[in-house]
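Both counts, for ligands and for their atoms, begin at 1 and track the order of listing. Side chains are part of it too, since the values below use all heavy atoms of this structure and drop only hydrogens, waters and symmetry mates.
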Amino acid sequence: MNQIIEQEPADAQASEALLPPGLYIVATPIGNLGDLSPRAASVLMRAETIAVEDSRVTAKLLHHLGVKRHMTPYHDHNADKVRPGLIARMATQAVALVSDAGTPLISDPGYKLVRDARAAGITVTTLPGPCAAVAAMTLAGLPTDRFFFLGFLPSKEKARADAIAEVAEVRATLILYESGPRLGATLQALADGLGNREAAVVREISKTFEESVLGPLSELAERYRESGPRGEIVVVVGPPGPRPAASMDDADTLLRAALVHMPTGKAASEVARATGLNRRDLYTRSMDLKGSD
Ligand code: SAM
């Protein structure tokens with residue numbers, strides 16, 4: 001159940017003025033309606049058309065604002081057909097894009113609309129706001145300096161394991177969206193593919209039953225093995241630990257392979273990047289190897 005915090009429109013006068021034509025990307029709450037920004041509310045109240053994923057969901061938000069607006073469904077199944085008409089409207093009208101919740105385009109439709117609007121010379125304005133991925137990261141207590149957003153992983157076991165293997169070497173916190181019924185299997189696949197990293201299951205952000213459960217992946221997989229929790233979920237996984245130090249033998253093997261098809265300086269740089277060893281030492285070693293061959 002959403003919590004509703006009533007608020008005045010940002011500025012009564014501004015809410016009546018006509019918006020310049022163009023495309024307005026409007027982030028909407030992921031739970032608590034009080035998170036709708038006054039600027040977002042003002043644009044939704046003034047847009048001539050709102051492109052929506054599901055008109056029933058957006059109708060509730062508009063009801064909360066006390067307005068009725070013209071809505072055009074824009075979702076994965078009709079986007080290609082509807083897009084040209086929306087772009088044509090933007091030349092003379094303010095068209096807002098919303099998704100059911102959060103920031104449009106983030107695991108939601110919209111990027112092609114922005115791409116085509118830009119190609120047509122339309123002004124694109126964004127109204128930033130709630131996004132479950134970013135909000136979850138603020139709750140997880142895991143490093144935030146580098147993060148990699150995976151959206152939803154594939155549901156089939158092999159495709160999911162492949163997608164996880166692809167990011168196993170990424171030195172960043174990973175963020176993914178998941179549903180309750182699939183949570184246990186996904187956490188186990190993450191533990192198998194990434195090792196027992198620290199992670200967080202963040203649920204129902206900004207709603208009554210908001211919850212963050214932190215722990216190593218294997219413990220979280222165990223906790224949710226039998227039954228997934230209710231509600232909407234983001235999984236955040238910490239980055240891998242420090243790389244084990246490479247030995248000079250490893251470096252020799254890599255340098256020999258690199259020197260076959262690149263000059264000494266570039267080979268030293270590449271191997272330094274791969275091993276974390278000192279580039280100058282590797283350059284000297286490359287010269288020795290070349291001399292001894
Ligand atoms: N565009 C949205 C955004 O900016 O976060 C995400 C849309 S995606 C289709 C929906 C998924 O986001 C849900 O299945 C869930 O994984 C996550 N999500 C959305 N709201 C959430 C919330 N209040 N708490 C936790 N996760 C949420």
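Closer than 4.0 angstrom to ligand 1 by heavy atom are I30, A101, G102, T103, I106, S107, D108, C131, A132, F152, Y177, E178, E204, I205, K207, E232, I233, V234, sorted by chain and number.
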All N/O donor-acceptor pairs, side-chain side in residues 209-224, below 3.5 Å, sequence neighbours left out:
from	atom 1	to	atom 2	distance (Å)
E210	OE1	S206	N	2.7
E211	OE1	R203	NE	3.0
S218	OG	N196	OD1	3.1
S218	OG	N196	ND2	3.0
E222	OE1	R225	NE	3.3
E222	OE1	R225	NH2	3.0

Cut-off 3.5 Å, no hydrogens considered: what does the side-chain donor-acceptor table look like for residues 267-277, sequence neighbours left out?
from	atom 1	to	atom 2	distance (Å)
S269	OG	G265	O	3.1
S269	OG	R279	NE	2.8
E270	OE2	R273	NH1	3.3
T275	OG1	V271	O	2.7
T275	OG1	L277	N	3.1

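Partners of F152 according to the ring-ring contact (aromatic ring centres under 6.0 Å, His included) rule, which considers only residues two or more places apart in sequence or in another chain, are Y177.
Judged purely by distance below 3.5 Å, without hydrogens or angles, the side chains of D250 and S247 pair a donor atom with an acceptor atom.
Counting only heavy atoms from C-beta outward, the side chains of P240 and E169 never approach each other to under 4.5 Å. A heavy-atom distance below 4.5 Å is found between the side chains of N78 and H75.
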